[in-house]
Protein chains: 2
Amino acid sequence: MPRRRITQTDVAAMAGVSQATVSFVLNGNTPAGVRIGEETRQRVLDAIRITGYTANPLAQRLAGGLTQILGVFTYEATFPRAGRDFYGPFLVGIEHAAERLGVDLLLFTSAPATGGRRQLTRDGWQRLGVADGCLLLGQHEDRGELQHLLDTNYPFVFIGKRGSDGGRLPYVGADYVGATTRQVHRLTALGHRHIGYIGVRGTDQPTLDRVEGYRTALKAQGLTPSFVEADDVAAAAAEILARSLTAVVVAPENHPEELADELERRGARVPVDVSVLLLGQPHHPRRGGRRWSGFSVPREEMGVRALYLLSRLVADDGGRRDREARRAHAVPGTELHQLLNCPDVEGATAVPPPSGTDRPARVP
Amino acid sequence: MPRRRITQTDVAAMAGVSQATVSFVLNGNTPAGVRIGEETRQRVLDAIRITGYTANPLAQRLAGGLTQILGVFTYEATFPRAGRDFYGPFLVGIEHAAERLGVDLLLFTSAPATGGRRQLTRDGWQRLGVADGCLLLGQHEDRGELQHLLDTNYPFVFIGKRGSDGGRLPYVGADYVGATTRQVHRLTALGHRHIGYIGVRGTDQPTLDRVEGYRTALKAQGLTPSFVEADDVAAAAAEILARSLTAVVVAPENHPEELADELERRGARVPVDVSVLLLGQPHHPRRGGRRWSGFSVPREEMGVRALYLLSRLVADDGGRRDREARRAHAVPGTELHQLLNCPDVEGATAVPPPSGTDRPARVP
DNA sequence: GCTCGCTAATAATGCGTATTACCGGATTGA
DNA sequence: TCAATCCGGTAATACGCATTATTAGCGAGC
């Protein structure tokens, strides 16, 4: 009952040629010494049309070709059962790009999860091989794994800026430094002089970048940084008031909602007494919650760009010929390291400081 | 530079045996006539451990095995750029199940989209072959495509009940009939006697089921159905008031939010004057919008069950031996047709009818 | 007559695995 | 002693495709 699928051999039989001829016609390739007459070519093409033949991606790959499948590996669950949907927006972009590229997406959901984090173990390496290349999303990174990726020359692209040894790791990231800098400038333009940074200074790249942006912007304005590294919101709020800060910037993972609540509980209105700029989108938008001012991370666009970049890396790698002519002229949008702009979000949590504390820098 | 991956031949060389022996040891299979000594077996296993060998899924599949990849085909974009995220909840469940099954997911994003709908054309058939089986999500269905699926004996499972010719199509659906029936009973229990059904009666399965549930429940109560098939909310609202309905049931795609607004604009308060039960989750939950009463579709659970079912179909199909002993005792949770319960949502849009119109059926 | 050079293909091989067919030596049965 | 049986494996092949090496035919030039 399960009738075999049409193969090149079937097509060949129908056209009265050899399987190899069919392969040549399909690929348009006539590698040095092989010629196919126009008449035969047409016969083959007709046979293909009639039988509705399509290549078997697996066999192609096994024979050294490409599957037209691109992989997506997430270090955490791609679609979390609980908690915020972090990867969703990326996938929207990734899928869109995949559609345009005519490529299927392979989600590596089988990777063994150790302690909630997926590992790219040896078991996983073989599975990667099904795809022509792979997108890596998530903060976690394992030196050994990355080295192996580089060693085997397997095409991959990180989503999210890679700082350490970033030179060799292709990525598409968000410009947290620039965006954070701009947020501080928004505040100083409103007249703020005492601007704090809320949150523990972790070692993940986004945090490092936010801190750098904050530092840079304050220095440019001749102001002194004020880091509030409290463990809980209550302590943070107390510290903000103790230091008489009129504005703070805070990353989404540092509980801005709760912080604002805590501030108001202590009599400081947001934003009238304290402006709050959010360095990214809120994690758990509340129903009827605040409309945060700050910036947004272009996740969808990152997904698109990352897949395009990956696609190009695959193409470069797949076409083993003429390696030199490659980066003769860099194709725009396919640089190995891309930092996308994070557009400002107007919102409603940034206003001039209360009079009597700071003064607007310039009165219109 | 791109060092070859470890193959069975490499392992064989290290263990001093033939490639075939390695294959036998790996599969535990000793197909009638082949015997492997315990000592050799251990040597092979050691070699596997040392080299970190893992099977290449492509080669396995090509040789008639399984890839441990399951496909997901959506007739519309899986992750829509705009509009509601319909498939998301399903994917949460699907991914979770995939993780447990140790299986990767292949998203068929490359299928050519004609007029916004993906087609499963001949071009797609070959690509399907990469996966051991496939999940189909979306309302659209093409007779020819389905017939082909059945003919080729390719394992697949629909998400969403399949009515027409449903007998042969495996699916995991939601019990819209039962859930809708229950909603009407909720209303009658509150004392409503004039209950309308809002929305054009489409031919898609969920709508058919909702209408059936509505009909059944009303008949059981000795009440007469009242279908409001207006094109726009204004007309619908007018009709509701003209017919003096005290409660309506409405599917999420029929703009319940706008309908409620329109009713209140005309002086009828929701739910005081008109109770509204939502037959499913709202499509575009508003910030600070109503907390709808009604039921919810267990999409996540549907995803889980569907993938489990698919996995079983694949296993049945893959183990070509002893076909008969198969459904000797049906494994629970793997019936070919599954209808999942849609739990009630309490909400705040269902109250007893205003006194003077209807009376509570029973006063406590 | 024989080689050279060109056209138009085909035969053969490899990719990594599963599987079938076969084989060589040792032990047993008569 | 010779065949039958059993043990422990190997060789060969197929899967569907890409690619390299090779072949057959034919007209021209020496």
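Computed from a predicted structure; not experimentally measured. A, B, ... follow the sequence lines: proteins, then strands. Residue 1 opens every chain.
- With axes fitted over five pairs at each extremity, the angle between the ends of the helix from C:dG1-D:dC30 to C:dA30-D:dT1 is 90° (10° resolution).
- Nucleotide C:dT17 holds its C1' atom 15 Å from the CZ atom of A:Arg127, rounded to whole Å.
- Applying the ring-ring contact (aromatic ring centres under 6.0 Å, His included) test to A:Tyr154 and every residue at least two apart in sequence or in another chain returns nothing.
- With sequence neighbours excluded, the residues satisfying side chain to side chain contact (heavy atoms under 4.5 Å, CB included) with B:Glu76 are B:Tyr87, B:Arg117.
- Computed from coordinates, the B:Leu58 CG to C:dA18 C1' distance equals 15 Å when rounded to whole Å.
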### Message
How would you summarise protein contacts on nucleotides 3-8 of chain D per nucleotide, using B for base, S for sugar-phosphate only and - for none, with heavy-atom distances below 4.0 Å?
### Response
-----B
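- Taking the side chain to side chain contact (heavy atoms under 4.5 Å, CB included) definition, one finds that B:Glu99 meets it with A:Ala113, A:Arg118, sequence neighbours left out.
- Rounded to a whole Å, the CZ atom of A:Arg61 is 17 Å from the C1' atom of C:dT17.
- In this structure, A:Ser23 does not reach the D:dC17 phosphate: none of its side-chain N or O atoms is under 4.0 Å from OP1 or OP2.
- Residue pairs that meet the salt bridge (charged side-chain N to carboxylate O under 4.0 Å, His left out) test with at least one member in residues 18-35 of chain B, sequence neighbours left out, do not exist here.
- For the pair A:Trp125 and A:His148, the minimum side-chain heavy-atom distance is below 4.5 Å.
- For B:Gln19, the side chain to side chain contact (heavy atoms under 4.5 Å, CB included) partners at least two apart in sequence or on another chain are B:Gln8, B:Thr9, B:Ser23.
- Legend: residues meeting side-chain hydrogen bond (donor to acceptor under 3.5 Å, both in side chains) with B:Asn27, ordered by chain and number and at least two apart, are absent.
- Across A:Leu70 and A:Val103, no two heavy atoms sit closer than the pair CG-CG1, 3.6 Å.
- B:Glu95 places none of its side-chain heavy atoms less than 4.5 Å from the side chain of A:Leu107.
- One interatomic measurement links the two molecules: CG of A:Asn56 to P of D:dA14, which rounds to 18 Å at whole-angstrom precision.
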N/O contacts under 3.5 Å, protein versus nucleotides 27-29 of chain C?
none

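- A salt bridge is defined here as a Lys NZ or Arg NE, NH1 or NH2 lying under 4.0 Å from an Asp or Glu carboxylate O, and B:Asp132 with B:Arg61 meets this definition.
- At the heavy-atom level, B:Val22 lies nowhere under 4.0 Å from the strands shown.
- Counting to the nearest Å, the P atom of C:dT7 and the CZ atom of A:Arg41 are 17 Å from each other.
- When all heavy atoms are compared, the tightest approach of A:Val44 to A:Val11 is O-CG1, 4.2 Å.
- For the pair B:Arg43 and B:Asp46, the salt-bridge criterion is not met [side-chain N within less than 4.0 Å of a carboxylate O].
- At least one side-chain nitrogen or oxygen of A:Asn27 sits closer than 4.0 Å to the OP1 or OP2 atom of D:dA18.
- The side chain to side chain contact (heavy atoms under 4.5 Å, CB included) test applied to A:Arg41 returns A:Val25, A:Ile36, A:Glu38, A:Leu45, not counting sequence neighbours.
- A:Ile6 has its CD1 atom 14 Å from the P atom of D:dC15, to the nearest Å.
- The CZ-C1' distance, from B:Arg5 to C:dT17, rounds to 12 Å in whole Å.
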Is there any protein nitrogen or oxygen under 3.5 Å from a nitrogen or oxygen in nucleotides 11-15 of chain C, and what are the pairs?
| from | atom 1 | to | atom 2 | distance (Å) |
| --- | --- | --- | --- | --- |
| C:dC15 | O2 | A:Leu62 | O | 3.2 |

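- Applying the ring-ring contact (aromatic ring centres under 6.0 Å, His included) rule to B:Phe108 yields no partners; only residues at least two apart in sequence or on another chain are considered.
- Under 4.0 angstrom from either OP1 or OP2 of D:dA18 there lies at least one side-chain N or O belonging to A:Gln60.
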